[in-house]
Amino acid sequence: MATRSRAQANRVFFTMFYRLLQLVAALCLALTLADCTNTLSPAIPPAGYSAAHNTPDDAAPLRQWYAIRLRIAADEGGNIRWDMDPLLAHELFAKLIDQHYEALPLWRFHRRAGSDAAGHQFSFLFFTDAQTATNLFAQIQNNGLVEQALAAGYLTQVITQSEAYPDAENLAATSDQHWSPSLQAQWPLFIMGVSATWLGMVDDALPAATVEEESFEQLLARYHSANEQVSEIWRNEGQHAFFHHISAIFGYQPILFGNLIQF
């Protein structure tokens, strides 16, 4: 009986400790983004949710994963327009995150450009209730910037997905199913922080508009400059700022990159 009580006490302690870590992470994220021109309100799983299970309080609506995917045309030379990604993230999704942050306990970006039917696609994945998802879908479909990009040929398709993933109510549904269950469950918190960090860096690098009414081409040029600056920071400082410090959290244990590498 004493052993069982001790085990229960340990579970309670670690649950409370995990909640404290989440709160500290949220506060750090808030301080990091506090100076951004476009103020973002960090979203963390509310009380009643854990990183492993979708277990809402009785009063909370059931949440699941949804997706908005924007397909982007190549330029005249067939080159990938990577600068469209930060433009869409900052001009479109950052504002939606800020507007609906209380209903978005988890969200992230996904960038890809493959030689398949999807091609260059920028995705916003978010964990929310059905009503908030419906509102976000409507705001995207009726957004003036999206309409402008479609008309000018920069965007080729806007896809809104209510059934984006099997078992969408599971917080781990967007994680790679080949990963261990623990990593699948915890990864959404990590990648949301990465997405918010990248978005904040875009905001920091964004040069101010020189005119009140700028064309889409002028807007894209500003994000081209911002994308270049963020890419340079990643290239020159990413090893220490990201890989080294993540490695430190895991005790500097070697990691398998085809060969063992220790940062």
Side-chain angles (χ1 to χ4, degrees), residues 38 40-45 54 61-74 80-114 116-176 187-200 202-203 216 219-220 223 226-227:
N38 180 60
L40 299 177
S41 303
I44 59 171
N54 182 11
L62 182 66
R63 290 177 168 94
Q64 71 170 58
W65 285 101
Y66 298 88
I68 298 171
R69 307 187 191 279
L70 304 179
R71 291 185 176 170
I72 303 166
I80 298 169
R81 287 191 171 104
W82 286 115
D83 39 12
M84 280 288 294
D85 294 2
L87 184 155
L88 295 169
H90 191 266
E91 292 289 333
L92 187 62
F93 293 117
K95 296 173 182 177
L96 296 181
I97 293 167
D98 193 48
Q99 181 179 352
H100 298 281
Y101 75 94
E102 290 184 349
L104 296 172
L106 290 168
W107 58 268
R108 70 179 177 94
F109 299 128
H110 184 257
R111 304 175 73 180
R112 58 98 67 197
D116 53 15
H120 181 192
Q121 183 171 273
F122 186 77
S123 300
F124 177 59
L125 287 65
F126 54 102
F127 189 75
T128 193
D129 59 272
Q131 184 58 59
T132 300
T134 299
N135 292 340
L136 285 171
F137 290 162
Q139 288 180 269
I140 291 294
Q141 297 288 1
N142 298 313
N143 183 271
L145 181 69
V146 172
E147 293 174 350
Q148 187 180 3
L150 285 167
Y154 290 96
L155 290 180
T156 62
Q157 191 176 7
V158 177
I159 303 170
T160 56
Q161 292 180 295
S162 297
E163 303 295 335
Y165 300 94
D167 192 25
E169 296 84 3
N170 187 344
L171 293 186
T174 69
S175 302
D176 193 313
W187 188 75
L189 288 168
F190 165 78
I191 200 63
M192 182 174 71
V194 173
S195 297
T197 299
W198 172 74
L199 183 58
V202 169
D203 188 274
F216 192 89
L219 181 66
L220 186 59
Y223 280 94
N227 189 60

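We find the CD1-OG distance between Ile159 and Ser123 to be 8.0 Å, quoted to the nearest 0.5 Å. Glu147 CD to Gln141 CD: the interatomic distance, rounded to the nearest 0.5 Å, is 9.5 Å. One distance of note links CG of Asn143 with CD of Glu91; it measures 9.5 Å at 0.5 Å rounding. With values rounded to the nearest 0.5 angstrom, Ile97 atom CD1 is found 9.5 Å from Met192 atom CE. Within the model, atoms OG1 of Thr160 and CD1 of Ile68 stand 7.0 Å from one another, a figure rounded to the nearest 0.5 Å.
Within the 4.5 Å cutoff, the side chain of Tyr165 has heavy atoms near those of the Thr174 side chain. A heavy-atom distance below 4.5 Å is found between the side chains of Leu88 and Ile72. Contact of the Met84 side chain with the Leu155 side chain is registered, since non-hydrogen atoms from C-beta on lie closer than 4.5 Å. Looking at heavy atoms from C-beta onward, Leu125 lies out of side-chain contact with Trp107 at the 4.5 angstrom threshold. Using a 4.5 Å cut-off on side-chain heavy atoms (C-beta onward), Leu70 and Gln121 make no contact. Residues Gln161 and Arg69 have side chains in contact (heavy-atom distance under 4.5 Å, counting atoms from C-beta outward). No side-chain heavy atom of Leu92 sits under 4.5 Å from any side-chain heavy atom of Leu87. At least one side-chain heavy atom of Gln139 sits less than 4.5 Å from a side-chain heavy atom of Gln99.
Here Tyr154 pairs with Phe216 under the ring pair (Phe, Tyr, Trp, His ring centres under 6.0 Å) rule; sequence neighbours left out. Remark: His100 engages no residue in a ring pair (Phe, Tyr, Trp, His ring centres under 6.0 Å) (not counting sequence neighbours).
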Note to self: Please evaluate residues Phe126 and Leu136 with respect to the criterion side chain to side chain contact (heavy atoms under 4.5 Å, CB included), reporting the C-alpha separation (whole Å), side-chain torsions for both, the decisive distance (0.1 Å), and the verdict.
What the structure shows: CA-CA 10 Å; Phe126 54 102; Leu136 285 171; 3.4 Å; yes
Checklist line | Chi angles and distances behind the side chain to side chain contact (heavy atoms under 4.5 Å, CB included) call for Phe190, Arg108 | finding: CA-CA 10 Å; Phe190 165 78; Arg108 70 179 177 94; over 6 Å; no
Item checked: Derivation of the side chain to side chain contact (heavy atoms under 4.5 Å, CB included) call for Val158 and Ile140 -> CA-CA 8 Å; Val158 177; Ile140 291 294; 3.7 Å; yes
Check: Going through the distances and angles, do Leu145 and Leu219 end up as a side chain to side chain contact (heavy atoms under 4.5 Å, CB included)?
Finding: CA-CA 11 Å; Leu145 181 69; Leu219 181 66; 3.8 Å; yes
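Residues Ala173 and Ala168 come closest through the heavy atom pair CB-CA, 4.1 Å. When all heavy atoms of Trp82 and Ala113 are compared, the pair lying nearest together is CH2-CB, 3.7 Å. Across Ala94 and Leu199, no two heavy atoms sit closer than the pair CB-CD2, 3.8 Å. For Phe137 against Ala67, the heavy-atom pair with the smallest separation is CE2-O, 3.7 Å. Considering all non-hydrogen atoms of both residues, Pro86 and Trp198 come closest at CA-CH2, 3.7 Å.
With hydrogens and angles ignored, the 3.5 Å screen pairs no side-chain donor or acceptor of Thr156 with any backbone N or O of Ala73. Of the possible donor and acceptor atoms, none in the side chain of Gln64 sits under 3.5 Å from a partner among the backbone N and O of Leu171. A distance-only check finds no donor-acceptor pair linking the side chain of Arg81 to the backbone of His120 [under 3.5 Å]. Within the 3.5 Å criterion, the main-chain N or O of Phe109 finds a donor-acceptor partner in the side chain of Ser195. A donor-acceptor distance shorter than 3.5 angstrom exists from the side chain of Asn142 to the backbone of Ala138, with no hydrogens or angles considered. Here the side chain of Thr132 pairs no donor or acceptor atom with the backbone of Thr128 at under 3.5 angstrom. No side-chain donor-acceptor contact under 3.5 Å links Arg111 to the backbone of Phe122.
Every pair tested for salt bridge (Lys or Arg N to Asp or Glu O under 4.0 Å) that includes a residue from residues 121-138 fails, sequence neighbours excluded, so the list is empty.
Put simply, the residue from Trp65, Phe93, Tyr66 that forms a ring pair (Phe, Tyr, Trp, His ring centres under 6.0 Å) with Phe124 is Phe93.
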